[in-house]
Each structure stands twice: as structure tokens, then as C-alpha cells.
2 protein chains.
Amino acid sequence: MNDSDEGTGDAAQAKAPSKRKDARRNKEALLDAAASVFVTSGVEAPVRDIAAKAGVGLGTIYRHFPTRADLIIAVYRHQVDACAEAGPALLATSATPHAALGQWINQFVDFLVTKHGLAAVLQSDNAGFEALHAYFLDRLVPVCAHLLEAAADAGEIRSDLEAYELMRGVGNLCIGADSDPDYDARRLVELLIAGLRRPN
Amino acid sequence: MNDSDEGTGDAAQAKAPSKRKDARRNKEALLDAAASVFVTSGVEAPVRDIAAKAGVGLGTIYRHFPTRADLIIAVYRHQVDACAEAGPALLATSATPHAALGQWINQFVDFLVTKHGLAAVLQSDNAGFEALHAYFLDRLVPVCAHLLEAAADAGEIRSDLEAYELMRGVGNLCIGADSDPDYDARRLVELLIAGLRRPN
DNA sequence: AAACGATACGGAACGCCGTTCCGTTTGGCA
DNA sequence: TGCCAAACGGAACGGCGTTCCGTATCGTTT
């Protein structure tokens with residue numbers, strides 16, 4: 001899981017690993033530093049903090065990750081991919097498609113809620129985060145659509161909601177769930193999923 | 001509805017209207033300018049834009065509205081108050097408490113969704129917006145609690161959700177609803193309210 | 001081993017933003 | 001009319017993201 005796994009060629013087309021050792025080392029250091037800073041200061045921590053923690057200049061950070069979103073994507077790519085891959089698996093092992101959907105959404109919520117400020121940045125319309133938004137959507141919306149369709153086919157839920165809207169809604173509900181002990185995003189998401197049930 | 005109605009003494013304690021004509025005029029101009037800029041550029045428009053539109057210096061804007069949140073509150077106070085007052089009225093005229101709750105929430109969502117960026121700023125944990133958050137909560141949570149309780153007493157909904165959480169959830173769902181034609185916050189909020197129904 | 005280009009580095013500098021501060025102006029009253 | 005509290009405007013500050021470019025380093029080639 002090291003090497004920031006360049007070369008899957010899946011979402012952002014793979015760049016060949018740099019020829020130079022220092023470049024590779026710095027990229028690693030930046031990923032580690034970013035992950036650590038994101039945990040303590042949140043995803044919106046100043047770029048300078050990350051550069052400092054990595055022992056690297058500002059130019060370096062921008063050369064490796066042209067936009068802040070690229071850095072965030074790189075840090076969380078594995079977890080997003082894992083979440084995407086969990087979808088079909090859950091469908092296979094759960095009692096009903098609706099149950100699978102619920103568990104999958106729960107997993108996603110757990111992920112978002114534990115990443116300080118990620119949900120907020122994900123929906124932020126500040127220019128520069130479209131790439132982040134797009135990456136999450138590209139990976140997760142198809143999975144969600146699949147689960148949704150399965151549940152709809154089974155007659156468990158209404159079929160008039162797009163996967164995109166559901167994902168956005170869930171993401172929105174997770175905003176601020178950290179940093180406010182009185183707000184339980186999980187419960188609200190459960191309510192939302194419950195509201196999806198076909199009014200038998 | 002002019003004069004920024006200072007003196008209700010309700011939420012932010014009333015300051016006596018300034019003795020000086022220019023001060024009153026500038027405050028008016030700022031409120032008008034802010035309202036207009038908020039419509040075109042959103043609630044996060046640069047302070048300088050508002051000052052310029054009002055034909056006023058930066059110092060002036062900060063003297064009248066010590067924090068950005070104060071300005072936003074002043075601009076939207078009437079509408080928030082109107083929303084708060086609509087709660088009991090709806091309860092009196094609706095068929096059931098749950099219907100009243102639904103209509104009231106709809107009204108709130110309509111308000112939020114039509115104010116470019118308001119929902120986002122409302123949940124933003126950037127220091128300086130707590131006052132805004134607090135104002136909305138102070139005015140609306142009690143109303144929401146009242147409606148919720150009525151519906152719970154009537155046995156229409158589960159009773160294990162705090163009004164605060166519901167308001168936050170609804171506010172969150174409204175984030176980004178402007179600026180994305182593929183995301184319909186209203187529908188998701190309806191789903192949420194539907195999920196509230198007692199699983200008869 | 002030495003020299004050389006490509007590659008990457010670091011951080012000063014720029015522009016934008018919110019906010020503060022203070023010298024200047026003005027309104028209202030004596 | 002003269003005075004001064006009140007209010008004004010905008011320069012200045014600090015923090016941020018991002019760009020730019022002179023400098024240092026790596027890996028190769030001779």
C-alpha cells in the first residue's frame with residue numbers, strides 16, 4: 001500500500017513513477033504528512049502546514065499535487081475504492097437488497113464522519129474541488145445505483161430517486177457531524193433510507 | 001419594514017437608533033446593498049463588494065455590523081421570524097400535526113434554497129458564523145420542537161428525534177441545492193420527513 | 001571521475017480576503 | 001459660529017492559496 005500506487009490507470013490516468021528518488025520520497029512524505037495533518041486539523045488545514053510537516057517547500061507540494069483536491073484524493077483513494085468494492089459484496093451476503101443498501105450507506109457514512117471536514121469540502125462549491133467531488137461520484141454513484149436498482153427490483157423501495165441525489169443527500173447529512181456531539185448524522189441517514197421504503 | 005427595525009429587543013438586544021442621519025442612511029444602504037449582492041453573488045460575497053455597492057468605506061460596514069454574520073442576520077431576520085411565526089399557524093390550520101410539520105419544513109426549505117449559499121454558511125464551522133447559526137436555531141428549533149411534539153402526541157411519528165437534529169439535517173440537505181439542477185433538496189427532505197413516520 | 005542537462009527543489013512574491021486601526025470629516029447642539 | 005462626539009474611508013495587517021523562478025540535485029553520459 002505504499003508508493004501511492006501510481007499505475008492503476010483507473011480514474012486519474014496513471015503517471016509513470018518519477019525517475020528521481022527524491023521526487024518519490026517527497027511524494028510519499030507529503031502523503032503521510034497530509035494524512036496526519038488531516039486527522040488533527042481537518043481536511044482544510046493550510047497547505048503550508050502540510051508542507052512543513054513533510055519537511056518540504058511549497059513548490060514541491062504543488063508540483064506533486066497541482067490542486068488541493070488531488071492531494072485529498074490521493075490520501076483517501078484506497079478507502080473510497082474499498083467502499084466502492086464493498087457494494088457488490090454486501091449485495092451478495094445480505095438478506096435483502098435494501099439491507100445491503102443500508103449497510104453500504106452506513107459504511108460510507110462512517111467513512112465520511114471520521115474524516116474531519118471531508119463532507120463539507122466534498123460539497124463545497126469553491127472552485128478547485130470539482131475534481132474531488134467528481135472522483136467520489138465516479139466511484140460511488142454506479143455502486144449506489146446498482147444497489148438502488150436491486151432494491152427497487154425487489155419491490156422494497158420506491159424507484160424514483162437517482163443514485164446521485166441519494167449520495168449527495170447522504171454526503172450533505174454528514175457535514176459537521178464531527179465537531180458537534182449533538183448531531184448524529186448516522187441517525188438522520190437512517191431516517192432518509194427508511195423514507196425510501198415503498199409505502200407498502 | 002424600513003429602518004432595519006431596531007428595537008424589537010428579542011434576539012440581539014436592541015440598540016437605540018443612531019442620533020446621526022448619515023449613520024442611519026448608511027446602515028440602510030448597507031442592508032439594501034447586502035441583500036442585492038447576496039442575490040447575485042451569494043452570501044459569501046466579498047465584504048468589499050457590499051461596501052462598494054453601498055457606496056461606503058470598509059470601516060463603516062464593520063462599525064454597523066461587527067461580524068459578517070450580523071449583516072446576514074439583519075438581512076434575513078424578517079424572513080426567519082416569519083417562518084418561526086408560521087409554525088403555530090400551520091398547526092392550527094392543517095389537517096394533522098404531521099401535515100403541519102411537513103408544510104412548515106417545506107417553507108423553511110424554500111427559504112434556504114432560494115438564498116444562494118446560505119445553507120452552507122449556516123453549517124460552516126468557520127469561526128464567526130456561530131451567531132448566525134445560533135440565531136436560526138434560537139428562532140426555529142422551539143417552533144420545530146412544538147410541531148414535532150404535536151405530531152408525536154398524535155402518534156403519527158416516532159418521538160426519538162430532537163428538533164435540533166431535524167433542523168440541522170434539513171439545513172444540511174439544502175446545501176448546494178442552488179447551483180446544481182440535478183440535486184433536488186426538497187425531495188430528499190420529504191424523504192427524511194417520510195422516514196419520520198411511525199412504522200405503524 | 002567529471003561534466004552536463006533534465007528534473008525537482010524551496011520559498012519569495014502575488015493577489016484575494018476578512019478585519020483592524022487611525023487620521024479626517026461631518027452632523028447636531030450650545 | 002464653534003465645538004466635539006460620532007461616524008467616515010481606506011491604508012495596512014495577517015492569513016491564505018497559488019505562481020514563479022533562481023538554485024540545487026539526480027542520473028547519465030563521456
Side-chain angles (χ1 to χ4, degrees), chain A residues 4 6 15-31 33-34 37-38 41-74 117 120-121 124-132, chain B residues 3-4 6 15-31 33-34 37-38 41-75 117 120-121 124-132:
Chain A
S4 88
E6 334 193 43
K15 269 179 314 194
S18 159
K19 253 8 183 169
R20 281 178 59 159
K21 200 174 22 158
D22 55 347
R24 263 173 292 139
R25 187 168 31 80
N26 279 331
K27 188 161 186 174
E28 265 313 297
L30 276 169
L31 282 171
V37 169
F38 288 172
S41 308
V43 179
E44 311 217 67
V47 179
R48 279 165 175 83
D49 288 3
I50 300 169
K53 180 116 190 173
V56 143
L58 277 170
T60 302
I61 201 171
Y62 280 99
R63 193 164 333 97
H64 286 297
F65 306 99
T67 148
R68 175 191 209 59
D70 294 319
L71 180 54
I72 301 180
I73 292 175
V121 131
S124 147
D125 53 358
N126 294 342
F129 289 110
E130 305 90 6
L132 183 60
Chain B
D3 205 14
S4 88
E6 333 193 43
K15 267 179 316 195
S18 159
K19 253 10 187 170
R20 281 179 59 160
K21 199 174 22 161
D22 56 347
R24 261 172 293 141
R25 185 166 33 78
N26 279 333
K27 188 161 188 175
E28 266 312 298
L30 276 169
L31 283 171
V37 169
F38 288 170
S41 307
V43 180
E44 312 217 66
V47 180
R48 280 165 174 79
D49 289 3
I50 301 168
K53 180 116 190 175
V56 145
L58 278 171
T60 301
I61 204 171
Y62 279 98
R63 194 167 328 98
H64 285 298
F65 305 99
T67 149
R68 178 191 206 58
D70 293 319
L71 179 54
I72 301 179
I73 292 175
V75 167
V121 130
S124 148
D125 54 359
N126 293 343
F129 289 109
E130 306 90 5
L132 183 60

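This is a predicted model, so every value here is computed, not measured. Chain letters run A, B, ... following the sequence lines, proteins first and then strands; every chain starts at 1.
Rounded to whole angstrom, the span from the CD1 atom of A:I61 across to the P atom of D:dC16 amounts to 14 Å. Atom-to-atom, CZ of B:F129 to C1' of C:dT19 comes out at 13 Å; the value is rounded to the nearest Å. The distance from atom NZ of A:K21 to atom P of C:dC9 is 13 Å, rounded to the nearest whole Å. Atom CD1 of A:I50 is separated from atom P of D:dG17 by 8 Å (rounded to the nearest Å). Between B:N126 atom CG and D:dC16 atom C1' there is a gap of 12 Å when expressed in whole angstrom units. One atom, CZ of B:R24, and another, C1' of C:dG28, lie 11 Å apart when rounded to the nearest Å. Spacing between atom CZ of B:R25 and atom P of C:dT25 amounts to 18 Å, rounded to whole angstrom units.
OP1 or OP2 of D:dC8 has at least one side-chain nitrogen or oxygen of B:N26 nearer than 4.0 Å. Distances shown here put every side-chain N or O of B:T60 at or beyond 4.0 Å from the OP1 or OP2 atom of D:dA7. Dashed line: the shortest gap from a side-chain N or O of A:R48 to OP1 or OP2 of D:dG15 is not under 4.0 Å. OP1 or OP2 of C:dC9 sits under 4.0 Å from a side-chain N or O of A:H64.
Judged by distance alone, the side chain of B:E130 and the main-chain N or O of B:G128 form a donor-acceptor pair under 3.5 Å.
The listed nucleotides are D:dT18, C:dC9, C:dG10; the one nearest the side chain of A:D22 is C:dC9. With C:dA8, D:dT19, D:dA7 as the candidates, the nucleotide lying closest to the side chain of B:R63 is D:dA7. Side-chain proximity of B:R68 to C:dG18, D:dC8, D:dG9: nearest is C:dG18. Taking every side-chain heavy atom of B:R20 into account, D:dA7 is the closest of D:dA7, C:dT19, D:dG17.
Here the options are B:K27, B:E28, B:R24, the test is side chain to side chain contact (heavy atoms under 4.5 Å, CB included), and the partner is B:H64; only B:K27 passes.
A residue-by-residue look at A:A45 and A:G59 shows that A:A45 has its nearest nucleotide of DNA chain D further toward the 5' end. Mapped onto DNA chain C by nearest heavy atom, B:E44 and B:K19 fall at different nucleotides, with B:E44 at the one closer to the 5' end.
How far CZ of B:R63 is from CG of B:L58: 11.0 Å, rounded to the nearest 0.5 Å.
Residues A:A74 and A:L31 approach most closely at CB-CD2, 3.6 Å, considering heavy atoms. Looking at every heavy atom in both residues, A:G117 comes nearest to A:V43 through C-CG2, 4.2 Å.
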